[in-house]
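Following: one structure in structure tokens, then a few remarks.
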Amino acid sequence: MKSPGSVLDLLEIERPPGSMSRAATPDLLLCQDLQGGAYVSGNWGGGRFNTTSEKGALYLAAPNFAPVSTVDTTHHIRTIAFPVAHWQKIVDEAAGGEFSFESLQLYGGSFHSLAIRTALRNLWRLSDDEGAPSRLLAQAAGCEILAELCRLSGTPFKPVKGGLAPWAERRCTELMRARLSEDISLDELAAEAQLSTFHFARMFKQSVGVPPRVYLTRLRLERACELLEMTDRPVTDIAYEVGYSSNQVLARVFLRHQQTTPSDYRRAMRDPVNSAVRH
């Protein structure tokens, strides 16, 4: 599953026991063991390691290194690849130019991070709801994960103080509202606020109270509710207008946030008395 523009490449697979290798690529590769209990040995760019993997354990493979490993049992994993060409500028801005992917101190075997596990779980859940992750979702998740990897390696990103200036908040929220049907990116919103991508994401949350991707979902649902209440347009047309690829995707998002389907919501708004009786 690839995000638009190959911001992130996501994969969830079950692998049989045995040896595995991967050709060297200019990507940072993060893996999570969803099962645990396997004996794992290999080299992912930080020297030879041997470990009994735990459920939720994370492994990181260095860019431009061909990782090799051997696992003694069938294992279920998630992988996420960060194309370095896309992410280098973002982390340079966030770390003040003091960061390099080669300097990460996590290539020597398994490690744990609640923050990364939570980010991965949310990323997969939202991707299951909406299909291939949007650029906004993929970039936000990538920033969150890379910030934690740098913190664990002892090179934390520079802290962000304060929120957006009022003019920047207004312009960004207006842009999101005007482009609901598009796959708007975190980069575009950051440029509107004249900030780096990473700092914009943090400052937006401080100002608005939620991350940009959550705010965009709110705007889309608000507009969908308006159209369901005020028009007779098909649900599929409404889904396209608010940025979802199908009526099924809109229905999943609607059910998660509104606890009802778009069609039932429309009926309830049009005839609240009879709807209440039926329920």
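Because only heavy atoms are used, hydrogens play no part in the values below, and waters and symmetry mates are left out as well, while side chains stay in. What you see is a predicted model, and the numbers here were worked out from it, not measured in a lab.
- Checked against ring-ring contact (aromatic ring centres under 6.0 Å, His included), Tyr265 has the following partners two or more places apart in sequence or in another chain: Phe254.
- In this structure, Asp187 does not pair ionically with Lys89, as no charged nitrogen and carboxylate oxygen lie closer than 4.0 Å.
- Each of Phe65 and Leu28 belongs to its own hydrophobic cluster when Ile, Leu, Val, Met, Phe, Trp and Tyr are linked at side-chain heavy-atom distances under 4.5 angstrom.
- Across Glu148 and Ile116, no two heavy atoms sit closer than the pair CG-CG1, 3.5 Å.
- Atom CZ of Arg266 has more than 12 neighbouring heavy atoms from other residues, nucleotides or ligands inside a 6.0 Å radius.
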Inset, instruction - Apply side-chain contact (heavy atoms from CB on, under 4.5 Å) to Phe111 and Leu60, showing your working. - result: CA-CA 9 Å; Phe111 64 98; Leu60 196 66; 4.0 Å; yes
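- Looking at heavy atoms from C-beta onward, Met203 lies in side-chain contact with Leu195 at the 4.5 angstrom threshold.
- The shortest side-chain heavy-atom distance between Leu29 and Asp27 does not fall under the 4.5 Å cut-off.
- Linking Ile, Leu, Val, Met, Phe, Trp and Tyr whenever their side-chain heavy atoms come within less than 4.5 Å leaves Phe49 and Tyr107 in two separate clusters.
- Nearest heavy-atom pair, Asp33 versus Ile77, reported as atom, atom and distance to 0.1 Å: CA-CG2, 4.3 Å.
- The ring-ring contact (aromatic ring centres under 6.0 Å, His included) analysis of residues 162-214, with sequence neighbours excluded, yields the pairs Phe157-Phe198, Phe200-Phe204, Phe204-Tyr215.
- Between Leu175 and Leu189, the closest heavy-atom pair is CD2-CD2, 3.9 Å.
- Counting heavy atoms from C-beta outward, Leu216 and Leu137 have side chains that stay 4.5 Å or more apart.
- Among residue pairs with one or both ends in residues 59-70, those qualifying as side-chain hydrogen bond (donor to acceptor under 3.5 Å, both in side chains) are Ser19-Thr70, Ser53-Tyr59; sequence neighbours excluded.
- Nearest heavy-atom pair across Gln32 and Leu120 is OE1-CD1, 3.6 Å.
- Counting non-hydrogen atoms of neighbouring residues, nucleotides and ligands closer than 6.0 angstrom, the CZ atom of Arg125 exceeds 12 such neighbours.
- Note on residues 219-239: no pairs pass ring-ring contact (aromatic ring centres under 6.0 Å, His included), not counting sequence neighbours.
- Side-chain contact between Arg270 and Glu229 is absent, with no heavy atoms from C-beta onward closer than 4.5 Å.
- Under 3.5 Å, the side chains of Asn50 and Tyr39 contain a donor-acceptor pair of N or O atoms.
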For residues 234-244, tabulate all N or O donor-acceptor pairs below 3.5 Å that involve a side-chain atom, not counting sequence neighbours.
| unit_1 | atom_1 | unit_2 | atom_2 | d |
| --- | --- | --- | --- | --- |
| Glu241 | OE1 | Arg233 | NH1 | 2.6 |
| Glu241 | OE1 | Arg233 | NH2 | 2.8 |
| Glu241 | OE2 | Arg223 | NH2 | 3.2 |

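- Between the side chain of His75 and the main chain of Thr73, a donor-acceptor pair closer than 3.5 Å is present.
- Using a distance-only test at 3.5 Å, with no hydrogens or angles considered, a donor-acceptor pair links the side chain of Gln35 to the main chain of Thr74.
- Here the two rings, on Phe82 and Trp87, have centers that are under 6.0 Å apart.
- The side chain to side chain donor-acceptor pair (under 3.5 Å) test applied to Arg48 returns no partner, not counting sequence neighbours.
- Follow the hydrophobic side-chain contacts under 4.5 Å out from Val91 and you reach Ile145 in the same cluster.
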Inset, instruction - Apply side-chain contact (heavy atoms from CB on, under 4.5 Å) to Ser196 and Ile90, showing your working. - result: CA-CA 7 Å; Ser196 72; Ile90 293 174; over 6 Å; no
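- The residues Arg179 and Glu188 are annotated as salt-bridged, a charged nitrogen and a carboxylate oxygen being separated by less than 4.0 angstrom.
- No donor-acceptor distance shorter than 3.5 angstrom exists from the side chain of Asp72 to the backbone of Ala38, with no hydrogens or angles considered.
- Put simply, the side chain of His76 reaches to within 4.5 Å of the side chain of Glu12, judged on heavy atoms.
- Taking CE of Met176 as the start and OG1 of Thr217 as the end, the distance is 8.5 Å to the nearest 0.5 Å.
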Inset, instruction - Could you go through the side-chain hydrogen bond (donor to acceptor under 3.5 Å, both in side chains) check for Gln258 and Thr260 one step at a time? - result: CA-CA 5 Å; Gln258 300 286 347; Thr260 187; over 6 Å; no
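- The backbone N or O of Asp183 lies less than 3.5 Å from a partner atom in the side chain of Arg135, making a donor-acceptor pair.
- Using a distance-only test at 3.5 Å, with no hydrogens or angles considered, no donor-acceptor pair links the side chain of Arg256 to the main chain of Ala251.
- Across Ser185 and Leu136, no two heavy atoms sit closer than the pair C-CD1, 4.2 Å.
- Put simply, the side chain of Glu54 reaches to within 4.5 Å of the side chain of His112, judged on heavy atoms.
- Counting all heavy atoms, side chain and backbone alike, Phe101 lies closest to Pro63 at CB-CG, 3.9 Å.
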Inset, instruction - Could you check Leu11 against Arg78 for side-chain contact (heavy atoms from CB on, under 4.5 Å), going step by step and ending with a plain yes or no? - result: CA-CA 6 Å; Leu11 182 65; Arg78 284 175 177 165; over 6 Å; no
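- Put simply, the side chain of Pro262 reaches to within 4.5 Å of the side chain of Leu250, judged on heavy atoms.
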Inset, instruction - May I have the step-by-step check of side-chain contact (heavy atoms from CB on, under 4.5 Å) for Val208 and Leu164, ending in yes or no? - result: CA-CA 9 Å; Val208 180; Leu164 298 174; 5.5 Å; no
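- Residues Ser113 and Leu152 are in side-chain contact: their nearest non-hydrogen atoms beyond the backbone lie under 4.5 Å apart.
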